[in-house]
Amino acid sequence: MSKLSIVPLADLVLAKNDEAQAKTASGLFLPENAQEKPKTATVEAVGPEVKGIKAGDQIIFKSYSTTDIKHGGVDYILVKEEDVLAKVG
């Protein structure tokens, strides 16, 4: 894995959105416009003031409180630690 060139500051968490489910639990495929936007993401890096989250954690976050970033063809989000609702797993 190459070194990430985005370094979050203060209490910010940099994460990559998890893929939206393309199939229901019963096996039906959903068209792209019917898929729910993911509200979970995998943490790539954290700012120096972040205490309870580390790189590699999967998080649930307030979806309306993020900053979307596209870098190197990859979509990332920046979210404040206080807007992270839970860790998964």
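This one's a predicted model, so the numbers in the text were calculated from it and none came from an experiment. This chain uses plain numbering: 1 for the first residue, then up along the sequence.
- Across every non-hydrogen atom of Val46 and Val43, the tightest pair is CG1-CG1, 3.7 Å.
- Closest of all the heavy-atom pairs between Ile59 and Val13 is CD1-CG1, 4.3 Å.
- When every heavy atom of His71 is checked against every heavy atom of Tyr76, the shortest pair comes out as O-CE1, 3.8 Å.
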Let me see the working for Ile60 and Val88 under side-chain contact (heavy atoms from CB on, under 4.5 Å), right down to the final yes or no.
CA-CA 7 Å; Ile60 299 171; Val88 178; 3.7 Å; yes
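- With Ile77 as reference, Asp68 is the one residue of Ile69, Leu12, Asp68 to meet the side-chain contact (heavy atoms from CB on, under 4.5 Å) rule.
- The closest donor-acceptor contact from the side chain of Glu81 to the backbone of Gly52 lies under 3.5 Å.
- The distance from atom OG1 of Thr66 to atom CZ of Phe61, rounded to the nearest 0.5 Å, is 6.0 Å.
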Quick one: do Lys16 and Asp75 satisfy side-chain contact (heavy atoms from CB on, under 4.5 Å)? Show the steps, please.
CA-CA 6 Å; Lys16 202 171 4 174; Asp75 292 323; over 6 Å; no
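- In terms of heavy-atom proximity, Leu14 sits nearest to Pro8 at CB-CG, 4.1 Å.
- Ion pairing of Asp83 with Lys80 is absent here, as no side-chain N (NZ or NE/NH1/NH2) approaches a carboxylate O to less than 4.0 Å.
- Grouping the Ile, Leu, Val, Met, Phe, Trp and Tyr side chains by contacts below 4.5 angstrom, directly or via other members, places Val50 apart from Val7.
- A side-chain donor-acceptor contact under 3.5 Å links Asp18 and Thr42.
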